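Computed from a prediction, not measured in an experiment: that's the story for all the values here. When a ligand or atom number is given, it counts from 1 through the structure's own listing order.
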Amino acid sequence: MDKKANLILLGAPGSGKGTRAVAICKVLGISQVATGDLFRKNLSENTDLGKLAKGYMDRGELVPDDVTAAMVKERLSMPDVRAGFVLDGFPRTVNQAKMLDDILSELGENLASVIYLDVSDDEIVKRLAGRLVCKNCQAPYHTEFTPPKVDGVCDKCGGALLRRDDDNPETIRKRLKVFHESTYPLIEFYEKKGLLVRVKSEISPKGLEADMRDILEKMGLLK
Ligand code: AMP
(Lines give C-alpha, C1' and ligand atoms only; values in the text may rest on other atoms or scores of the structure.)
Protein backbone atom coordinates (compact mmCIF):
# COMPACT_ATOMS: atom_id res chain seq x y z
CA MET A 1 0.00 0.00 0.00
CA ASP A 2 1.53 3.35 -0.91
CA LYS A 3 -1.07 5.68 0.61
CA LYS A 4 -3.29 5.21 3.63
CA ALA A 5 -6.67 3.83 2.63
CA ASN A 6 -9.18 6.04 4.42
CA LEU A 7 -12.13 5.47 2.12
CA ILE A 8 -15.82 6.25 1.75
CA LEU A 9 -18.20 3.97 -0.15
CA LEU A 10 -21.06 6.01 -1.53
CA GLY A 11 -24.17 4.56 -3.14
CA ALA A 12 -27.91 4.04 -2.85
CA PRO A 13 -29.27 1.48 -0.38
CA GLY A 14 -28.75 -1.93 -1.99
CA SER A 15 -26.07 -0.70 -4.41
CA GLY A 16 -23.65 -3.26 -2.97
CA LYS A 17 -21.75 -1.03 -0.50
CA GLY A 18 -21.68 -3.72 2.19
CA THR A 19 -20.36 -6.56 0.02
CA ARG A 20 -17.78 -4.27 -1.59
CA ALA A 21 -16.69 -2.89 1.78
CA VAL A 22 -16.08 -6.44 3.03
CA ALA A 23 -13.98 -7.23 -0.08
CA ILE A 24 -11.94 -4.00 0.22
CA CYS A 25 -11.26 -4.61 3.92
CA LYS A 26 -10.10 -8.15 3.16
CA VAL A 27 -7.80 -7.04 0.32
CA LEU A 28 -6.27 -4.06 2.20
CA GLY A 29 -6.45 -5.39 5.79
CA ILE A 30 -8.45 -2.37 7.00
CA SER A 31 -11.69 -1.93 9.02
CA GLN A 32 -15.26 -1.48 7.83
CA VAL A 33 -17.26 1.21 9.60
CA ALA A 34 -20.92 0.74 8.62
CA THR A 35 -23.31 3.12 10.35
CA GLY A 36 -26.37 0.95 9.52
CA ASP A 37 -24.66 -2.05 11.18
CA LEU A 38 -23.71 0.07 14.22
CA PHE A 39 -27.33 1.25 14.57
CA ARG A 40 -28.68 -2.31 14.14
CA LYS A 41 -26.26 -3.56 16.82
CA ASN A 42 -27.51 -0.86 19.20
CA LEU A 43 -31.09 -1.80 18.31
CA SER A 44 -30.54 -5.49 19.08
CA GLU A 45 -28.83 -4.59 22.37
CA ASN A 46 -31.67 -2.18 23.20
CA THR A 47 -29.28 0.68 24.07
CA ASP A 48 -30.48 4.29 24.38
CA LEU A 49 -28.94 5.00 20.97
CA GLY A 50 -30.78 1.98 19.52
CA LYS A 51 -34.11 3.15 20.99
CA LEU A 52 -33.55 6.62 19.52
CA ALA A 53 -32.58 5.28 16.07
CA LYS A 54 -35.41 2.71 15.78
CA GLY A 55 -38.23 5.06 14.73
CA TYR A 56 -36.12 6.71 12.03
CA MET A 57 -34.90 3.36 10.70
CA ASP A 58 -38.41 1.85 10.64
CA ARG A 59 -39.64 4.82 8.61
CA GLY A 60 -36.63 4.72 6.25
CA GLU A 61 -35.56 8.17 7.43
CA LEU A 62 -32.11 9.36 8.44
CA VAL A 63 -31.14 9.40 12.11
CA PRO A 64 -30.23 13.03 13.06
CA ASP A 65 -26.77 14.11 11.91
CA ASP A 66 -25.37 15.00 15.36
CA VAL A 67 -26.30 11.58 16.80
CA THR A 68 -24.85 9.74 13.80
CA ALA A 69 -21.65 11.80 13.71
CA ALA A 70 -21.04 11.23 17.45
CA MET A 71 -21.33 7.47 16.90
CA VAL A 72 -18.93 7.65 13.93
CA LYS A 73 -16.42 9.73 15.88
CA GLU A 74 -16.37 7.17 18.68
CA ARG A 75 -15.84 4.32 16.18
CA LEU A 76 -13.12 6.16 14.23
CA SER A 77 -11.25 6.79 17.48
CA MET A 78 -10.75 3.05 18.04
CA PRO A 79 -7.25 1.64 17.44
CA ASP A 80 -8.14 -0.81 14.63
CA VAL A 81 -9.07 2.01 12.23
CA ARG A 82 -5.57 3.55 12.42
CA ALA A 83 -4.54 1.19 9.60
CA GLY A 84 -7.31 2.61 7.39
CA PHE A 85 -11.08 2.33 7.10
CA VAL A 86 -13.98 2.01 4.71
CA LEU A 87 -16.94 4.15 5.71
CA ASP A 88 -20.08 2.40 4.50
CA GLY A 89 -23.33 4.38 4.82
CA PHE A 90 -21.71 7.56 6.16
CA PRO A 91 -21.75 10.40 5.25
CA ARG A 92 -25.27 10.51 3.81
CA THR A 93 -25.77 14.29 3.75
CA VAL A 94 -23.53 17.22 2.87
CA ASN A 95 -23.81 18.31 6.51
CA GLN A 96 -22.51 14.88 7.62
CA ALA A 97 -19.65 15.19 5.11
CA LYS A 98 -18.64 18.50 6.71
CA MET A 99 -18.90 16.92 10.16
CA LEU A 100 -16.68 14.09 8.92
CA ASP A 101 -14.06 16.60 7.75
CA ASP A 102 -14.00 18.02 11.29
CA ILE A 103 -13.78 14.56 12.90
CA LEU A 104 -10.91 13.54 10.62
CA SER A 105 -8.96 16.73 11.17
CA GLU A 106 -9.35 16.29 14.96
CA LEU A 107 -7.98 12.75 14.58
CA GLY A 108 -5.17 13.96 12.27
CA GLU A 109 -6.51 11.89 9.36
CA ASN A 110 -7.32 12.56 5.69
CA LEU A 111 -9.62 10.96 3.14
CA ALA A 112 -7.88 9.04 0.34
CA SER A 113 -10.87 8.56 -2.00
CA VAL A 114 -14.63 8.29 -2.26
CA ILE A 115 -15.86 5.30 -4.27
CA TYR A 116 -19.31 5.87 -5.80
CA LEU A 117 -21.28 2.79 -6.83
CA ASP A 118 -23.39 3.82 -9.80
CA VAL A 119 -26.58 1.70 -9.94
CA SER A 120 -30.00 2.44 -11.49
CA ASP A 121 -33.13 2.53 -9.30
CA ASP A 122 -34.61 -0.49 -11.17
CA GLU A 123 -31.51 -2.53 -10.36
CA ILE A 124 -31.64 -1.36 -6.72
CA VAL A 125 -35.19 -2.62 -6.25
CA LYS A 126 -34.20 -6.01 -7.73
CA ARG A 127 -31.16 -6.20 -5.47
CA LEU A 128 -32.97 -5.25 -2.27
CA ALA A 129 -35.60 -7.89 -2.94
CA GLY A 130 -32.96 -10.65 -2.69
CA ARG A 131 -30.85 -9.19 0.09
CA LEU A 132 -30.08 -11.21 3.23
CA VAL A 133 -27.99 -10.39 6.27
CA CYS A 134 -26.52 -12.58 9.02
CA LYS A 135 -28.36 -12.08 12.31
CA ASN A 136 -25.10 -12.65 14.20
CA CYS A 137 -22.21 -11.02 12.35
CA GLN A 138 -24.12 -8.79 9.82
CA ALA A 139 -22.31 -10.37 6.84
CA PRO A 140 -24.25 -9.44 3.67
CA TYR A 141 -25.56 -11.98 1.12
CA HIS A 142 -27.83 -11.94 -1.92
CA THR A 143 -29.97 -14.88 -3.00
CA GLU A 144 -28.88 -14.39 -6.65
CA PHE A 145 -25.56 -12.48 -6.72
CA THR A 146 -23.70 -13.64 -3.59
CA PRO A 147 -25.61 -16.63 -2.17
CA PRO A 148 -24.42 -18.46 0.96
CA LYS A 149 -23.00 -22.00 0.53
CA VAL A 150 -25.91 -23.42 2.57
CA ASP A 151 -29.38 -21.87 2.22
CA GLY A 152 -30.22 -19.54 5.11
CA VAL A 153 -26.89 -20.08 6.93
CA CYS A 154 -23.96 -17.63 7.20
CA ASP A 155 -20.72 -18.99 5.62
CA LYS A 156 -18.62 -17.10 8.17
CA CYS A 157 -20.25 -17.79 11.56
CA GLY A 158 -23.13 -20.24 10.96
CA GLY A 159 -25.70 -17.62 12.04
CA ALA A 160 -29.21 -17.43 10.58
CA LEU A 161 -29.68 -15.25 7.48
CA LEU A 162 -32.62 -12.86 7.62
CA ARG A 163 -34.25 -10.19 5.54
CA ARG A 164 -33.88 -6.73 7.07
CA ASP A 165 -37.06 -5.17 8.49
CA ASP A 166 -36.51 -2.08 6.33
CA ASP A 167 -36.21 -4.07 3.07
CA ASN A 168 -39.97 -3.88 2.43
CA PRO A 169 -41.42 -2.07 -0.64
CA GLU A 170 -42.74 0.96 1.27
CA THR A 171 -39.52 1.62 3.22
CA ILE A 172 -37.39 0.92 0.13
CA ARG A 173 -39.25 3.66 -1.79
CA LYS A 174 -38.72 6.07 1.09
CA ARG A 175 -35.00 5.20 1.40
CA LEU A 176 -34.48 5.74 -2.34
CA LYS A 177 -36.20 9.13 -2.09
CA VAL A 178 -33.93 10.08 0.83
CA PHE A 179 -30.91 8.94 -1.21
CA HIS A 180 -31.81 11.13 -4.19
CA GLU A 181 -32.67 14.16 -2.08
CA SER A 182 -30.02 14.07 0.65
CA THR A 183 -27.16 11.78 -0.36
CA TYR A 184 -26.87 12.35 -4.13
CA PRO A 185 -25.51 15.94 -3.65
CA LEU A 186 -22.45 14.34 -2.01
CA ILE A 187 -21.31 13.08 -5.41
CA GLU A 188 -20.77 16.65 -6.59
CA PHE A 189 -19.35 17.62 -3.19
CA TYR A 190 -16.59 15.00 -3.43
CA GLU A 191 -16.13 15.42 -7.21
CA LYS A 192 -15.24 19.09 -6.58
CA LYS A 193 -12.66 17.97 -4.01
CA GLY A 194 -11.14 15.64 -6.65
CA LEU A 195 -11.79 12.57 -4.49
CA LEU A 196 -14.57 10.79 -6.42
CA VAL A 197 -14.01 7.46 -8.20
CA ARG A 198 -17.05 6.10 -10.10
CA VAL A 199 -17.48 2.33 -10.14
CA LYS A 200 -20.08 0.35 -12.11
CA SER A 201 -22.03 -2.14 -10.07
CA GLU A 202 -21.64 -5.15 -12.40
CA ILE A 203 -19.37 -7.91 -11.15
CA SER A 204 -17.05 -9.39 -13.82
CA PRO A 205 -16.60 -13.17 -14.26
CA LYS A 206 -13.34 -12.82 -12.25
CA GLY A 207 -15.45 -12.18 -9.14
CA LEU A 208 -16.00 -9.33 -6.72
CA GLU A 209 -12.71 -9.58 -4.84
CA ALA A 210 -10.62 -9.63 -8.05
CA ASP A 211 -12.62 -6.66 -9.39
CA MET A 212 -11.99 -4.70 -6.19
CA ARG A 213 -8.26 -5.54 -6.40
CA ASP A 214 -8.15 -4.07 -9.93
CA ILE A 215 -9.97 -0.92 -8.83
CA LEU A 216 -7.77 -0.44 -5.75
CA GLU A 217 -4.64 -0.98 -7.85
CA LYS A 218 -5.76 1.71 -10.33
CA MET A 219 -6.40 4.04 -7.37
CA GLY A 220 -2.83 3.50 -6.16
CA LEU A 221 -3.96 1.82 -2.95
CA LEU A 222 -2.58 -1.62 -3.79
CA LYS A 223 0.69 -2.58 -5.43
P1 AMP B 1 -28.08 1.08 5.94
O2 AMP B 1 -27.82 -0.25 6.55
O3 AMP B 1 -26.82 1.82 5.61
O4 AMP B 1 -29.04 1.01 4.77
O5 AMP B 1 -28.84 1.98 7.08
C6 AMP B 1 -30.07 1.58 7.62
C7 AMP B 1 -30.73 2.77 8.31
O8 AMP B 1 -29.87 3.26 9.37
C9 AMP B 1 -30.96 3.98 7.42
O10 AMP B 1 -32.17 3.89 6.65
C11 AMP B 1 -31.02 5.11 8.47
O12 AMP B 1 -32.26 5.11 9.16
C13 AMP B 1 -29.93 4.68 9.46
N14 AMP B 1 -28.62 5.23 9.04
C15 AMP B 1 -27.53 4.53 8.59
N16 AMP B 1 -26.52 5.36 8.29
C17 AMP B 1 -26.97 6.62 8.54
C18 AMP B 1 -26.40 7.92 8.39
N19 AMP B 1 -25.18 8.12 7.91
N20 AMP B 1 -27.17 8.98 8.76
C21 AMP B 1 -28.41 8.84 9.25
N22 AMP B 1 -29.02 7.64 9.37
C23 AMP B 1 -28.31 6.53 9.02
Run through all N or O atoms in ligand 1 and write down each protein N or O closer than 3.5 Å, as a pair with its distance.
residue: ligand 1; atom: 2 (O); partner: R40; partner atom: NH1; Å: 3.0
residue: ligand 1; atom: 2 (O); partner: R40; partner atom: NH2; Å: 3.0
residue: ligand 1; atom: 2 (O); partner: R164; partner atom: NH1; Å: 3.0
residue: ligand 1; atom: 2 (O); partner: R164; partner atom: NH2; Å: 3.2
residue: ligand 1; atom: 3 (O); partner: R92; partner atom: NH1; Å: 3.1
residue: ligand 1; atom: 3 (O); partner: R92; partner atom: NH2; Å: 3.1
residue: ligand 1; atom: 4 (O); partner: R92; partner atom: NH2; Å: 3.2
residue: ligand 1; atom: 4 (O); partner: R164; partner atom: NH2; Å: 3.1
residue: ligand 1; atom: 12 (O); partner: E61; partner atom: O; Å: 2.6
residue: ligand 1; atom: 16 (N); partner: T35; partner atom: OG1; Å: 2.8
residue: ligand 1; atom: 16 (N); partner: G89; partner atom: O; Å: 3.4
residue: ligand 1; atom: 16 (N); partner: R92; partner atom: NH1; Å: 2.9
residue: ligand 1; atom: 19 (N); partner: G89; partner atom: O; Å: 2.8
residue: ligand 1; atom: 19 (N); partner: Q96; partner atom: OE1; Å: 3.0
residue: ligand 1; atom: 20 (N); partner: Q96; partner atom: NE2; Å: 2.9
residue: ligand 1; atom: 22 (N); partner: V63; partner atom: N; Å: 3.0

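- Applying the side chain to side chain donor-acceptor pair (under 3.5 Å) test to E74 and every residue at least two apart in sequence or in another chain returns nothing.
- Within the structure, salt bridge (Lys or Arg N to Asp or Glu O under 4.0 Å) pairs that include any residue of residues 6-26 comprise K26-E209 (at least two apart or interchain).
- Here E217 pairs with nothing under the salt bridge (charged side-chain N to carboxylate O under 4.0 Å, His left out) rule; sequence neighbours left out.
- Look at K193 and D101 and you find a salt bridge, because one of the NZ, NE, NH1 or NH2 atoms lies within 4.0 Å of a carboxylate O, short of that distance.
- We find the OG1-CG distance between T35 and D88 to be 7.0 Å, quoted to the nearest 0.5 Å.
- Here the CZ-CD1 distance, from R131 to I124, works out to 9.0 Å after rounding to the nearest 0.5 Å.
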